[in-house]
Structures are given as structure tokens and as C-alpha cells.
> 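Here's a structure for you.
Keep in mind that this is a model prediction, so the values were computed, not measured. Only heavy atoms go into these numbers, but all of them, side chains included; no hydrogens, no water, no symmetry mates.
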Amino acid sequence: MTINAEMKKFMAEDGNILDLLEDSQISKLEDYIRSGIEIDEESRSIWLKRNLEAMDLIKHIEDPDLDSRSDGDSIKSCKVIYPLLASSAIHAASRLIPHFTRNDKTCEVGVHGEDPGGVKQMRAEDTASYVNYQLLYQSDNWLSDSHKLAHMIMTWGMGFRRVFYDQDEGALDFQLIPPADIIINHNISTLKKASRVTIRHYMSDVDLVEKMRNDEFTEIDLGTLHGNSMDVEQNNPAEAPAIHEVYEQYCRFDLDDDGYAEPYRVFFHSGSGKLLAVQVNYVLKDIKFNKKGQIR
């Protein structure tokens, strides 16, 4: 199937376009996503290892390789544990948290340029009031997640929070994402230069079925997907519900072989290596053409 300009206009207004793609296109895209994740994971492997070891120290998780037992007159190793790192992170976060809200406000909007009649000032005040209402009263988790984000920044040195509009709730929603689950190539200097950004999600069978029935994911037999049993509270691990590792990736890929890679948002099932959804990551007004009629 050739994806021309008219098809791209249709795709920009549609949701999941996975069913519109041919098997060869799907296979190429799956290979691209898989190899991209492997490249990015490898590039950040040393950074991730060091940070996970640091988190173990902060949480006072004992190294299983450390043996403090005595062997005769010689001592193999000794250890002294003092919560210095945890205390420092907590104190640093506690200094940052009060700056999230002041006088029951999270933000103020400034005015630039001339403002005859104070029209801009009135609009700025209305905007600030609405944003404060959304974050402090309409959202159930913004403030509590902000506290968690402060601790995350103090321990990891970075933190990620996604802001999106929840169609079912009809309001903004916020999702705090651990840095370990944001996969970005470690060799880039800014996010704008990243070839792709991948977010790791953990979904149950119920989550997948809901997204399929909401037309977010393509209908796939769950029996063909391989999940991991991660519920340690179950007495019998075999009876634990399957948890699926799903990658959400923002990338650019040339599906129509016109030499120009368009932006897409894809969902990839790690266990089976199958695509769950492909969405265009642009809107109709973003499509521009040169004098030759080529998309630029």
C-alpha cells in the first residue's frame, strides 16, 4: 500500500492506523522499534546500573555479595550503615516542596508588552486562576505526585511527569514516571535531538482489553501475548495475573518510502514483539508541502 499525501491527511485525523498497514510495513516497524530500544538501553546501561546501586544505598538494601561473617581470626568484611544519603535526600526535597504552592497558588501569569485597558492583565489572572483550580482542586494527585517528584529529583537527579487530557474523566490527568522507565539514548545533549523516546508501561490483561475495546489498541488474542507473573503476594506464582511489559515509543519512521520519516506514536508488546497500535504524532495543520508537492 502506498501512503500518499491524501492518505496522510486521513491518517492525521484518525486514531490507530495499524490495520491500514501491510505485513511488510509492520515487520519493518517492529524491527526498527526493537533495535532502537536495544541501542538506547545499551547506551544508558552504565548510568542505569550506577543509579540503581545508589538507590539501594539510599533504601538501605544490603548487597547480597557483602559477607560480614567472621572466618576464624580473619574478618572477611565489615559494614556500618548510617542513613546519611536518605536523610540528605529527604531534607533537600523538603526545601523544594514549599515552592510548589504559595498562598494556595501554583502559578502566576505575567503580561508582556503594552496592555491598554488592562485586557491582558485580566486574561492573565483568569488563566492563572483556572490553572490553580485544575492542579489543586480538580486533580486528585498533582500535589502528592509533586512531593514524590521532589524526592525523585533529589535521588535520581531527574524526574518525569506526563500531562494529558483524560477523555473519560473530562479533565487533565498526571502520570509520574520513574527515570528507569524512560528510555532515551544517553549520548544526546537535549531531548529535541533524541531520535526516539520510549516509555515502559506495565499492563494487565484487563488494561489491554480496555484499550482494545476503546479502539486504542488493535484487537489481538491475549493468548498470543506473553506476560510475566509479577504478583509476589500470590501463594502460587502460576496463578498470579500476567503483567505485560508494553513500550510506548515516540519515533520517526518512513512508512511510505518517500525518503522522509514522519513522526509516529507506537505501542509495542515486549514479550511477543508485536505492535499493539500505531498513531500518527502530528495533526492536519502540521502537514506542509514544497513547490514540488512533497511533504516537508
> Considering non-hydrogen atoms only, spot the tightest contact between R44 and I183 and give its length.
NH2-CG1, 3.6 Å
> Are F217 and F267 near enough that their ring centres are under 6.0 Å apart?
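Here the rings of F267 and F217 have centres that are less than 6.0 Å from each other.
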> Please tell me if the side chains of Y250 and R196 come closer than 4.5 Å, counting only heavy atoms from C-beta onward.
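No, their side chains stay 4.5 Å or more apart.
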> Measure from the side-chain N and O atoms of D181 to the backbone N and O of I199, and report whether any donor-acceptor pair falls under 3.5 Å.
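No; judged by distance alone, with no hydrogens or angles, the pair does not exist.
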> Given the rule in the side-chain contact (heavy atoms from CB on, under 4.5 Å) test, do Q249 and V197 qualify, once you have shown the distances and angles that lead to the verdict?
CA-CA 6 Å; Q249 186 177 104; V197 176; over 6 Å; no
> Could you tell me whether E248 and R162 have a side-chain N and a carboxylate O separated by less than 4.0 Å?
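Salt bridge between E248 and R162, a charged N being under 4.0 Å from a carboxylate O: yes.
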> Measure across I177 and M152 and return the closest heavy-atom pair with its distance rounded to 0.1 Å.
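Minimum heavy-atom contact is O-SD, 3.9 Å.
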> Checking the side chain of S87 only, and the main-chain atoms of L84 only, is there a donor and an acceptor separated by less than 3.5 Å?
no
> Tell me every residue that passes side chain to side chain contact (heavy atoms under 4.5 Å, CB included) with L96, counting only those two or more places apart in sequence or in another chain.
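Once residues adjacent in sequence are excluded, the partners of L96 under the side chain to side chain contact (heavy atoms under 4.5 Å, CB included) criterion are F100, A150, M154.
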> Are the side chains of L143 and L135 in contact, using a 4.5 Å heavy-atom criterion?
no
> Give a yes or no on whether the backbone of D23 and the side-chain of S27 come within a donor-acceptor separation of less than 3.5 Å.
no
> Under a 4.0 Å N-O cut-off, is there an ion pair linking D145 with R161?
no
> Given the rule in the side-chain contact (heavy atoms from CB on, under 4.5 Å) test, do M212 and I220 qualify, once you have shown the distances and angles that lead to the verdict?
CA-CA 8 Å; M212 291 178 189; I220 297 178; 4.0 Å; yes
> Starting from the C-alpha separation in whole Å, work towards a yes-or-no answer on side-chain contact (heavy atoms from CB on, under 4.5 Å) for F268 and L276.
CA-CA 6 Å; F268 180 78; L276 300 175; over 6 Å; no
> Is the side chain of K105 donor-acceptor paired with the backbone N or O of N132 at a distance under 3.5 Å, no angle test?
no
> Could you check whether E245 pairs with R200 (Lys NZ or Arg NE/NH1/NH2 to Asp/Glu carboxylate O, under 4.0 Å)?
yes
> Within a reach of under 6.0 Å around NE2 of H99, are more than 12 heavy atoms found that belong to other residues, nucleotides or ligands?
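Count over threshold, so yes.
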> Counting N and O atoms only, with roles assigned by atom type, does the side chain of S139 sit under 3.5 Å from a partner on the main chain of Q134, one being a donor and the other an acceptor?
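Side chain of S139 to backbone of Q134, a donor-acceptor pair under 3.5 Å: no, none is there.
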> Within the side chain of D207, is there an N or O that forms a donor-acceptor pair under 3.5 Å with the backbone of S204?
yes
> Under a 3.5 Å distance rule, please check whether D31 uses its side chain to pair with a backbone N or O of S35 as donor and acceptor.
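Absent.
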> With distance as the sole test, does R252 use its side chain to make a donor-acceptor pair with the main-chain N or O of A261 at under 3.5 Å?
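Yes, the answer is positive, given that a donor and an acceptor are paired below the 3.5 Å cut-off.
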> Taking the ring of Y264 and the ring of F253, is the distance between their centroids below 6.0 Å?
no
> Scan side-chain atoms only and decide if Y137 and D104 contain a donor-acceptor pair under the 3.5 Å cut-off.
yes
> Main chain of D166, side chain of D173: is a donor-acceptor contact present, judged purely on distance under 3.5 Å?
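It does not hold such a pair.
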> Does D126 pair with R123 as a salt bridge, N-O distance under 4.0 Å?
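Looking at R123 together with D126, the answer is no, because their closest N to O distance does not fall below 4.0 Å.
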> Would you mind checking if E219 and K211 are paired as a salt bridge, meaning a charged N to carboxylate O distance below 4.0 Å?
no
> Ignoring hydrogens and angles, tell me if any N or O in the side chain of N185 forms a donor-acceptor pair with the backbone of N187 under 3.5 Å.
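Indeed, once roles are kept as given, a pair shorter than 3.5 Å links the two residues.
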> side-chain hydrogen bond (donor to acceptor under 3.5 Å, both in side chains) between S272 and H269: does it pass, once the steps are laid out?
CA-CA 6 Å; S272 61; H269 189 273; 3.0 Å; yes
> Ignoring hydrogens and geometry beyond distance, is a side-chain donor-acceptor pair present between H91 and S94 at under 3.5 Å?
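Short answer, no.
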> I'd like to know if E53 pairs up with K49 as an ion pair, taking the criterion as any Lys NZ or Arg NE/NH1/NH2 lying under 4.0 Å from an Asp or Glu carboxylate oxygen.
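Looking at E53 and K49, the cut-off is met.
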> Can you confirm whether the side chains of N16 and T218 place a donor and an acceptor under 3.5 Å from each other?
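Note: N16 and T218 side chains meet the donor-acceptor criterion.
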